[in-house]
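Every value quoted in this text rests on a predicted model; they were computed, and no experiment measured them.
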There are 2 protein chains.
Amino acid sequence: MTEAERVTASPAAAPIATDGAPRRRNPEDTKERLLDAAERLFADRGFEGASLRAVTQAAGTSVSAAHYHFGSKEALLVATIRRRTEPVIKARAAQLDALERRAGGAALPLEEVLEAFLRPIFAERARPDRGDDFRRIAARLFSDPPPIIAALKREVFGRTAARFLDALARALPDKPRQEIALDLQFLVGVMVHVTAGHLEDFPTPDGWPSLSGLPDEVVLDRMIQFVAAGLRAPARSHS
Amino acid sequence: MTEAERVTASPAAAPIATDGAPRRRNPEDTKERLLDAAERLFADRGFEGASLRAVTQAAGTSVSAAHYHFGSKEALLVATIRRRTEPVIKARAAQLDALERRAGGAALPLEEVLEAFLRPIFAERARPDRGDDFRRIAARLFSDPPPIIAALKREVFGRTAARFLDALARALPDKPRQEIALDLQFLVGVMVHVTAGHLEDFPTPDGWPSLSGLPDEVVLDRMIQFVAAGLRAPARSHS
DNA sequence: GTCTATAGTTGGATAGAC
DNA sequence: GTCTATCCAACTATAGAC
């Protein structure tokens, strides 16, 4: 396959739907359309795999418009990710605040701590007003090449991790702190895998019920049960 | 930052260590050196982010040598991934075979099924003879752009999933099959996250013990406890 | 089997008109 | 603010000498 064939074979060069006629040249929401297109293409092809030209074409603009609004391709990526992560981080903090207020000085209920961590990301995923490709953007955040991503990742994670580690420690006072930290990483693994949409990507083998149609609420529920049980599981006394 | 600065700022153009003097021109292991370099650079920068030139330079060869041995950049990626996944798939099957033989017709012990699934990937990760960057290659397999990766991913997963789903069903006879399938995805999420090396990538906040020095055996042990408890957790009767 | 040299594209970024 | 036109560096892949 030649390079030209490979590129044209790749789909998704379709422009972002701008509800109705192919009207162009809206003054301010060009920025928004660029973010939508970038989100979809970065998620589909990766940062280096999605050219700025492809992104701007899908957004119905030009390369220079993107440079005008964002300054560089990297900056566009950062803006794309921040648009999604900011509301999640804030919603998590808000839910945790409410939870701690309600509990007063008492131990926090584990399942509710987990829900405060997990529900916001599902909520963001399901928002219909913005492109619905939040999906793999979260997974990319975890595995895309380092340039700025590594720093972004740590910042995003760091802003939430400390609070949730403390909350988990309050929910499970007898659990060793290192085990809490390790189990939180397991939880993050589950979250990323599900958020990234891998449930839809891996068809179950013949004879097994499909997972791709499962409502978010069912998946979220089961995640909480699964992870709560894991967190409560005592360390094995060395056999 | 200019493009030139960004590129030169990026490290890891160092050649693969060929134990001792910078001896070149070994007849056959050029292929091996190319795979080592490709593994490291694809893992660090992603498939599109790591140019063939960078890979061949790190391997101490030329672009055309890579084409001679593999035919294309994509084929090199596939070979890189297969070299790691093949032994894991085979080891998993072997451990499961042994387990089923030992159990006869009886129920399989859950923890041992999980160990058959998880230990081989840790073993591969720890092999010193090949470059030690198995790490993020597994994560890439799950989130890198589609060209051939999507197909590869399904093939690799499919060859193991059916057998493990059956084994889990034999270990937990009362568990609904859809719940087993869903929980297996959670397990995969944990596995990918840990294998990808994210434990080392996310420094724990101040006041929390670091995870980066943890021996593989400790992590594997805790993973099995965590996931086993999750799998055993009963579905919540809808509140 | 490995090299040098080169072909032919495509990439991000910018200048300057409007 | 958005466009067209252009710069030039970097890419994959191949041809052909050795």
Worked check of side chain to side chain contact (heavy atoms under 4.5 Å, CB included) between A/Arg82 and A/Leu152: CA-CA 9 Å; A/Arg82 276 206 198 285; A/Leu152 241 178; 3.9 Å; yes
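B/Leu52 and B/Ala66 make their closest contact through CD1-CB, 4.3 Å (heavy atoms, listed as atom of the first residue, atom of the second, distance). For B/Leu211 against A/Ala181, the heavy-atom pair with the smallest separation is CD1-O, 3.7 Å. Closest of all the heavy-atom pairs between B/Arg33 and B/Ala59 is NE-O, 2.9 Å. Pairing each heavy atom of A/Val219 with each of B/Phe186, the nearest pair is O-CZ, 4.2 Å.
With hydrogens and angles ignored, the 3.5 Å screen pairs a side-chain donor or acceptor of B/Arg92 with a backbone N or O of B/Phe117.
When the P atom of D/dA9 is taken as reference, atom NZ of A/Lys73 falls 19 Å away, rounded to whole Å. Regarding B/Leu34, its CG atom lies at a distance of 12 Å from the C1' atom of C/dG1, rounded to whole Å. Rounded to whole Å, the distance from CG on A/Leu77 to P on C/dG12 is 12 Å. Between the CG atom of A/Asp29 and the C1' atom of D/dG1 there is a distance of 13 Å, rounded to whole Å. Counting to the nearest Å, the C1' atom of C/dT2 and the CD atom of B/Gln57 are 16 Å from each other. Here the P atom of nucleotide C/dA13 and the CZ atom of A/Phe70 are 13 Å apart, to the nearest Å. Rounded to whole Å, atom C1' of C/dG11 lies 14 Å from atom CZ of A/Arg45. Straight-line distance from the CG atom of A/Leu52 to the P atom of D/dT2: 15 Å, rounded to whole Å.
In this structure, A/Thr30 does not reach the D/dG1 phosphate: none of its side-chain N or O atoms is under 4.0 Å from OP1 or OP2. Within the 4.0 Å cut-off from OP1 or OP2 of D/dC11, at least one side-chain nitrogen or oxygen of B/Ser51 is found. Listed pair B/His69 / C/dT2 meets the phosphate criterion, a side-chain N or O lying under 4.0 Å from OP1 or OP2. The shortest distance between the side-chain N/O atoms of A/Tyr68 and the OP1/OP2 oxygens of D/dT2 is not below 4.0 Å.
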Detail all sub-3.5 Å separations between protein N/O atoms and N/O atoms belonging to nucleotides 4-7 of chain D.
from, atom 1, to, atom 2, distance (Å)
D/dT4, O4, A/Ser64, OG, 2.7

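Aromatic ring orientation, A/His193 versus A/Phe202: parallel (interplanar angle below 30°, classes split at 30° and 60°).
Residue B/Leu34 holds its CG atom at 5.5 Å from CZ of B/Phe70, rounded to the nearest 0.5 Å.
Where pairing requires Watson-Crick or G-U contacts shorter than 3.5 Å, the helical stems of DNA chain C with at least three consecutive pairs are C:1-18 with D:1-18.
Applying the side chain to side chain donor-acceptor pair (under 3.5 Å) criterion to B/Glu217, with sequence neighbours excluded, gives B/Arg119.
Taking only side-chain atoms of B/His67, from C-beta outward, the nucleotide of C/dT2, C/dA13, D/dT14 with the closest atom is D/dT14.
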